[in-house]
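Owing to the predicted nature of the structure, the values given are computational and were not obtained by experimental measurement.
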Number of protein chains: 2
Amino acid sequence: MARAATTSDAFNAIAEPRRRQILLFLADREYSVNEIVDGLRVDQPSVSKHLRVLRDTGLVRMRCNGRQKLYRTNAEGIRPLYEWASEFERYWTHQLSRVKDRAEKKAASRAAASDSNSRNHSRNQEE
Amino acid sequence: MARAATTSDAFNAIAEPRRRQILLFLADREYSVNEIVDGLRVDQPSVSKHLRVLRDTGLVRMRCNGRQKLYRTNAEGIRPLYEWASEFERYWTHQLSRVKDRAEKKAASRAAASDSNSRNHSRNQEE
DNA sequence: TTGACATATGCCGATATAGGAATATGATTC
DNA sequence: GAATCATATTCCTATATCGGCATATGTCAA
């Protein structure tokens, strides 16, 4: 079995760098497809295909205006990603404080050793 | 060209649901591979392969302990994702207020029209 | 050393891409 | 209706998966 269909959820949709680029581009205001093509220097069919994926996953909204179609990022669709990542926020703050502790300890020992040129050979067990 | 290598960046790594599951599982503390296998009911080779991807993208850390290897989520690796999604935070708060406005407007018109059974034929231009 | 345990890797087949080129659909204007 | 502009879709090929299975590597214990 291959990877889950990219069209099924937001996580897969944003795995593609170009689509992330498009999402940022369309965050501020609506743009027509050709404006995206010109703005990002990507082939039109490619843009259309990416927009299709983004639309199917609810990451962009589309509005018809005469013969053009105006796309805009639907930030709500990105929220689940944000929320998923937020689950780990408390962990990385913990890790950060650990790093800070280490840095302070190092600074302390450096101060103690003054200018004895301690070459920091102590490899911690954190890989 | 196919999709970018999953091993290259965190965005691709978390596109796989099983890997997200593993990351959450390993968030609190270290687990050996077999503990993951038992905990998540996934084949051992599959777990090892997912761990390989997660390790290559810096999303988990590994530590050897005798014949077992202990894995743990490296929350720092998830931070770029969080930061990317955060870019859109202000937009979805905006959109939320817009949605709220619309809901209030609708409620108002409904109250005005009382029970005239307005079938909401006015397709808004937002698709 | 041999065997048991823990984990990783290699090979396979099926599938889902992404990009490029050509073309189809759709709307507007003359 | 014909020509034109704007966008979408289709067909193609190369590649990157994922899962399952077998097997290799690595570590400890008797």
Nearest-nucleotide pick for B/Gln68, side chain only, options being C/dT7, D/dC21, D/dC11: C/dT7
Rounded interatomic separation in angstrom, taking CG from B/Leu54 and P from D/dT17: 13 Å
Minimum-distance nucleotide to B/Arg67 side chain [options: D/dA29, C/dT7, C/dG26]: D/dA29
Which atom of B/Phe25 lies closest to which atom of B/Gly39, heavy atoms considered: CZ-CA, 4.1 Å
D/dC5 phosphate, OP1 or OP2, under 4.0 Å from A/Asn34 side-chain N/O: no
Length of the CG-C1' vector between A/Asn65 and D/dA6, whole Å: 12 Å
N or O in side chain of B/Tyr71 less than 4.0 angstrom from C/dA8 OP1/OP2: yes
A/Glu83 with A/Arg79: basic N within carboxylate O range, under 4.0 Å: yes
Whole-Å distance separating the CZ atom of B/Phe11 from the P atom of D/dA16: 21 Å
Protein-nucleotide distance (B/Ile22, atom CD1; D/dC18, atom C1'), rounded to Å: 13 Å
Parallel, tilted or perpendicular: ring planes of A/Tyr82 versus B/Tyr82, cut at 30 and 60 degrees: parallel
side-chain N/O A/Tyr31 vs D/dA6 OP1/OP2, d < 4.0 Å: no
Minimum-distance nucleotide (side-chain atoms of B/Asp43 versus D/dC18, D/dT9, D/dG20): D/dG20
Whole-Å distance separating the CG atom of B/Asn12 from the P atom of D/dT15: 18 Å
N or O in side chain of B/Arg18 less than 4.0 angstrom from D/dC18 OP1/OP2: no
Pairing of A/Lys49 and A/Asp43 as salt bridge, 4.0 angstrom limit: no
5'-most by nearest nucleotide on DNA chain C - B/Leu70 or A/Gly66: B/Leu70
Proximal nucleotide (of D/dA8, D/dG19, D/dC11) relative to the B/His50 side chain: D/dG19
Touch class at under 4.0 angstrom, heavy-atom based, for B/Ser48 against every strand present: base
Among C/dG19, C/dA8, D/dT7, the nucleotide that comes nearest once only the side chain of B/Lys69 is considered: C/dA8
Distance-only polar pair, side chains of A/His50 and A/Arg19, donor-acceptor under 3.5 Å: yes
For atom CD1 of B/Ile14 and atom P of D/dC18, their distance in whole Å: 13 Å
Proximal nucleotide (of D/dT9, D/dA8, D/dC21) relative to the A/Val33 side chain: D/dA8
For atom CG of A/Asp38 and atom P of D/dT7, their distance in whole Å: 10 Å
5' precedence on DNA chain D between B/Lys49 and B/Gln44 (nearest-nucleotide basis): B/Lys49
Spacing of B/Leu51 atom CG relative to C/dA6 atom P, expressed in whole Å: 16 Å
